[in-house]
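Read through the structure below, which is laid out as structure tokens, and then see the notes.
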Amino acid sequence: MLLNDTDRVLVTKEQLAARVKELGQQISRDYAGKTPVIVCTLKGATVFFADLIRSIDIPVTLDFIVASSYGSAAVSGGEIRIRKDLDNGIKGKDVIIVEDIIDTGLTLNKLTELLRTREPASLKICCCLDKPSRRRVDLKADYSGFDIPDEFVVGYGLDYDEKYRNLDAVYVLKREIYE
Ligand code: IMP
Ligand code: MG
């Protein structure tokens with residue numbers, strides 16, 4: 001069973017549901033009268049994104065992007081590659097990028113840099129999880145679900161080797177699985 005590969009739950013279903021609802025309400029208030037473009041970064045953010053958009057009660061449009069860092073995580077810091085770009089232009093639009101987790105911050109740093117060149121009216125970041133102790137660039141989410149310690153987590157969209165995304169909460173993966 002999938003759960004046998006995990007050590008313990010770090011963020012429960014109930015905590016996720018309550019916090020996602022709060023984030024949706026906050027976004028609805030902050031963007032009242034506007035129609036923001038909510039951008040899902042595939043694949044990790046899918047589960048969070050699906051819950052988040054349903055807790056927003058103002059009009060939104062949706063778009064999807066796939067970005068990956070060149071090379072391995074260990075040598076990351078370089079460029080990112082867009083494997084699937086947004087379907088629509090964002091010039092003059094209010095954009096919210098939805099991300100599963102901010103670790104070093106390098107990926108989102110590059111992604112926001114790229115999207116800013118397209119001249120959106122505004123660009124904000126909404127992440128589900130944040131590991132502030134791992135940050136290597138000065139990057140802060142505008143909306144953040146939970147600060148977590150430096151542990152490798154899976155579930156609620158997050159993977160190890162493309163697996164565990166379908167776990168319904170955030171779990172610490174057993175070290176023996178990835179070491
Ligand atoms: P960053 O560029 O170091 O911030 O990388 C962020 C990306 O690394 C996330 O979008 C995840 O795909 C991945 N990542 C970082 N930490 C974890 C984790 O604990 N579990 C699963 N994926 C992670
Ligand atoms: Mg990933």
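Note that ligands are numbered from 1 as they come in the structure, with each ligand's atoms numbered from 1 the same way.
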Checklist entry - Can you check side-chain contact (heavy atoms from CB on, under 4.5 Å) on K43 and E162, steps first, answer last? => result CA-CA 9 Å; K43 302 170 203 164; E162 291 299 329; 2.9 Å; yes
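- The closest approach between any non-hydrogen atom of L158 and ligand 1 is below 4.0 Å.
- Contact between R134 and ligand 1 is absent, with no heavy atom of the residue lying under 4.0 Å from the ligand.
- Using a non-hydrogen distance threshold of 4.0 Å, R136 does not register as a contact of ligand 1.
- The aromatic rings of Y156 and F48 are tilted relative to each other, their planes meeting at an angle between 30° and 60°.
- Using a non-hydrogen distance threshold of 4.0 Å, G105 registers as a contact of ligand 1.
- Using a 4.0 Å heavy-atom cutoff, L108 is absent from the residues neighbouring ligand 1.
- Of the options L10, T6, D7, L167, a side-chain contact (heavy atoms from CB on, under 4.5 Å) to V153 is made by L10 and by none of the others.
- Between the choices T107, D103, I80, the shortest heavy-atom distance to atom 15 (C) of ligand 1 belongs to D103.
- Using a 4.0 Å cut-off between charged side-chain N and carboxylate O, R134 and D103 make a salt bridge.
- Within the 4.0 Å heavy-atom cutoff, L173 does not count among the residues contacting ligand 1.
- Every atom of ligand 1 is numbered from 1 in the order shown, and the set under 4.0 Å from a heavy atom of E151 is 19 (O).
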Next on the checklist: Please evaluate residues F49 and F64 with respect to the criterion ring pair (Phe, Tyr, Trp, His ring centres under 6.0 Å), reporting the C-alpha separation (whole Å), side-chain torsions for both, the decisive distance (0.1 Å), and the verdict.
Outcome noted: CA-CA 10 Å; F49 178 83; F64 299 84; 5.4 Å; yes
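- Ion pairing between K13 and D168 holds under the 4.0 Å rule for side-chain N and carboxylate O.
- Residue contact check: E99 has heavy atoms under 4.0 Å from atoms 10 (O) of ligand 1.
- L62 has its side chain within reach of I53: a pair of non-hydrogen atoms, C-beta onward, lies under 4.5 Å apart.
- For atom 7 (C) of ligand 1, the choice among I101, V172, V137 with the nearest heavy atom turns out to be I101.
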